[in-house]
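Written below as structure tokens is the structure these notes are about.
Because the structure is predicted, anything quoted here is derived from the model rather than measured. Chain A is the first sequence line, chain B the second, and so forth, proteins listed ahead of strands; every chain is numbered from 1.
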Protein chains: 2
Amino acid sequence: MDQSKTGETLLFLTDDQVRKGIEAMFFAYRGFTADPDRILGGMDYGRAHHRALHFIHRSPATTVNNLLAVLGVTKQSLNRVLRSLIADGLVESRVGQADKRERHLHLTKKGAELERSLSDAQRARMRAAYRAAGPGAVQGFRQVLEAMMDDGARRQYQSLKETSI
Amino acid sequence: MDQSKTGETLLFLTDDQVRKGIEAMFFAYRGFTADPDRILGGMDYGRAHHRALHFIHRSPATTVNNLLAVLGVTKQSLNRVLRSLIADGLVESRVGQADKRERHLHLTKKGAELERSLSDAQRARMRAAYRAAGPGAVQGFRQVLEAMMDDGARRQYQSLKETSI
DNA sequence: GGTTTATGTCAGCCTTGTTGACTTTCCAAG
DNA sequence: CTTGGAAAGTCAACAAGGCTGACATAAACC
């Protein structure tokens with residue numbers, strides 16, 4: 001009856017099993033964001049700025065609308081963040097050539113540096129967790145997370161997944 | 001060189017591998033909170049209320065101080081949430097018998113009902129993700145999450161893990 | 001009796017989400 | 001060619017939920 005110990009017969013999932021996963025997700029997410037949050041704490045920026053920098057770095061020349069869809073916030077919410085990043089010279093907004101309504105977003109040297117330092121901190125923790133859990137665990141981790149996403153998010157995740165940087 | 005395809009030799013973790021994990025975590029957490037958020041959207045409550053209800057349900061008679069430590073917020077922040085839950089008759093605060101300074105928190109019938117409906121929604125998604133990913137993946141998922149936590153959070157997670165409800 | 005601890009509260013601030021209203025630009029149907 | 005609608009972006013105002021700081025009360029501890 002005690003599947004939790006063996007990990008072999010989890011086709012029958014007790015509420016207890018599932019609840020542990022929920023709590024793990026809660027506590028782990030705190031750790032996940034802790035290092036970048038600490039770095040950003042000193043500056044005038046927050047987690048929203050980190051997310052914008054991450055995905056602009058990830059998809060250079062992305063439009064505001066693309067970024068909106070990936071981040072899952074309103075354009076007004078994103079705009080406030082972008083405005084300060086642009087004002088501080090971390091992000092450059094270039095008017096689209098084909099469609100002048102669009103703004104294409106790029107990191108400046110300064111922006112790329114901050115993104116790098118945030119990313120380094122977060123990657124270090126993720127890497128340490130991967131090492132601690134072992135190679136097999138990493139596959140399972142990503143499989144469960146992927147299955148947990150909403151359909152729209154999964155599509156975005158997968159299309160990002162293809163692109164290497 | 002392409003360990004990502006085989007998943008066998010992940011002792012050498014490329015930045016790319018790790019970055020995918022980071023993005024998976026970001027997108028998955030949105031899915032993780034989506035269902036309770038939707039339910040709470042209709043009421044005057046938010047994610048903070050959900051978290052309080054969850055952990056009061058999980059550790060009945062917990063004190064305010066305990067809850068503070070688990071949630072990782074300030075007492076002013078928690079107090080705002082608790083005040084509304086108590087005012088609306090979802091949570092009951094009982095003066096401690098041994099130590100009359102303490103308040104022991106309990107869910108009322110009404111509070112337990114709301115907690116149940118939020119929990120049902122979140123468990124359903126987590127259960128579906130577990131099933132989709134398969135039994136082996138679940139172990140890896142929890143192992144990586146646990147390794148990602150801060151030390152304090154891991155201790156709290158583990159002491160909760162023992163307790164069955 | 002003085003100090004520490006647990007809790008609660010008030011005030012004020014910040015980040016980051018929201019909606020609503022607006023401008024500029026583009027495109028397509030007439 | 002014009003005009004009306006859709007799309008991209010911006011500005012303003014508001015709400016949730018974090019935060020700090022200061023302070024009050026009661027109980028416990030020494």
*Identify whether the distance between the nearest side-chain nitrogen and carboxylate oxygen of B/Arg94 and B/Glu92 falls below 4.0 Å.*
yes
*Is any N or O donor-acceptor pair between the side chain of B/Arg101 and the base of C/dT5 shorter than 3.5 Å?*
yes
_Please classify the nucleic acid contact of B/Asp37 as base, sugar-phosphate, or nothing, using heavy-atom distances under 4.0 Å._
nothing
_Quiz question: going by heavy-atom distance under 3.5 Å, is there a donor-acceptor pair between the base of C/dG17 and the side chain of A/Arg80?_
yes
*Report the distance from atom CD of A/Gln97 to atom P of C/dC26, rounded to the nearest whole Å.*
12 Å
*Can you find a donor-acceptor N/O pair under 3.5 angstrom joining the side chain of A/Lys100 to the base of C/dT25?*
no
*asked:* I want to check one thing: is the phosphate of C/dT15, taken as OP1 and OP2, less than 4.0 Å away from some side-chain N or O of A/His49?
replied: no
_Between A/Asp15 and B/Arg127 (salt bridge meaning N to carboxylate O under 4.0 Å), is one present in this structure?_
yes
*Which part of the nucleic acid does B/Gly72 contact within heavy-atom distance under 4.0 Å: base, sugar-phosphate only, or nothing?*
sugar-phosphate
*Got a donor-acceptor pair under 3.5 Å from the side chain of A/Gln76 to the base of C/dG20?*
yes
*Looking at the rings of B/Phe27 and B/Phe32, which for Trp means the six-membered one, are their centres under 6.0 Å apart?*
no
*Reckon A/Asn65 has a side-chain N or O less than 4.0 Å from the OP1 or OP2 of D/dA7?*
no
*Please state whether the rings of B/Phe55 and A/Phe26 are parallel, tilted or perpendicular, taking 30° and 60° as the class boundaries.*
tilted
*A/Arg103 has an atom CZ; how far is it from atom C1' of D/dA7, in whole Å?*
12 Å
*Could you give the CG-to-P distance, from B/Leu67 to C/dG8, as a whole number of Å?*
11 Å
*Output the single nucleotide from D/dG9, C/dT16, C/dT7 whose closest atom is nearest the side chain of A/Val64.*
D/dG9
*Using the rule that two of Ile, Leu, Val, Met, Phe, Trp, Tyr join whenever any of their side-chain heavy atoms come within less than 4.5 Å, decide whether B/Val95 and B/Ile86 are in one cluster.*
no
*For A/His50 and C/dG17, what is the distance between atoms NE2 and P respectively, to the nearest whole Å?*
14 Å
*Between A/Leu85 (CG) and D/dT10 (P), how many Å, whole number?*
13 Å
*Reckon B/Ala52 touches a base, only the sugar-phosphate, or nothing at all at heavy-atom distances under 4.0 Å?*
nothing
*Using a strict cut-off of less than 4.0 Å between a Lys/Arg side-chain nitrogen and an Asp/Glu carboxylate oxygen, indicate whether B/Glu146 and B/Arg142 qualify as a salt bridge.*
no
_Nearest whole Å is fine: how far is C/dT16 C1' from A/Arg47 CZ?_
11 Å
*Atom CZ of A/Arg38 to atom P of D/dC19: distance rounded to whole Å?*
14 Å
*Any side-chain N or O of A/Asn79 less than 4.0 Å from the OP1 or OP2 oxygen of D/dG9?*
no
*Take the protein atom CG of B/Leu68 and the nucleotide atom P of D/dT20, then report the distance between them rounded to whole Å.*
11 Å
_By nearest heavy atom, map A/Val73 and B/Arg83 onto DNA chain C; which one lands nearer the 5' end?_
B/Arg83
*When all nucleic acid strands are considered with a 4.0 Å heavy-atom cut-off, which category describes A/His104: base, sugar-phosphate, or nothing?*
nothing
*Tell me which nucleotide among D/dC23, D/dT10, C/dG17 gets nearest to the side chain of B/Lys75.*
D/dC23
*Which part of the nucleic acid does B/Thr63 contact within heavy-atom distance under 4.0 Å: base, sugar-phosphate only, or nothing?*
sugar-phosphate
*Given DNA chain C, 5'-ward residue of the pair A/Asp44 and A/Ser77, judged by closest heavy atom*: A/Asp44
*Is the phosphate of D/dC19, meaning OP1 or OP2, less than 4.0 Å from a side-chain N or O of B/Thr74?*
yes
_Nucleotide nearest A/Ala48 when distance is taken to its side chain, options D/dT10, D/dG18, C/dG17_ = C/dG17
*asked:* side chain to side chain donor-acceptor pair (under 3.5 Å) for A/Glu23 and B/His54? Distances and angles first, verdict last.
replied: CA-CA 10 Å; A/Glu23 286 169 356; B/His54 175 98; 2.9 Å; yes
*Verify the contact: side-chain N or O of B/Arg51 to OP1 or OP2 of D/dG18, cut-off strictly under 4.0 Å; return yes or no.*
yes
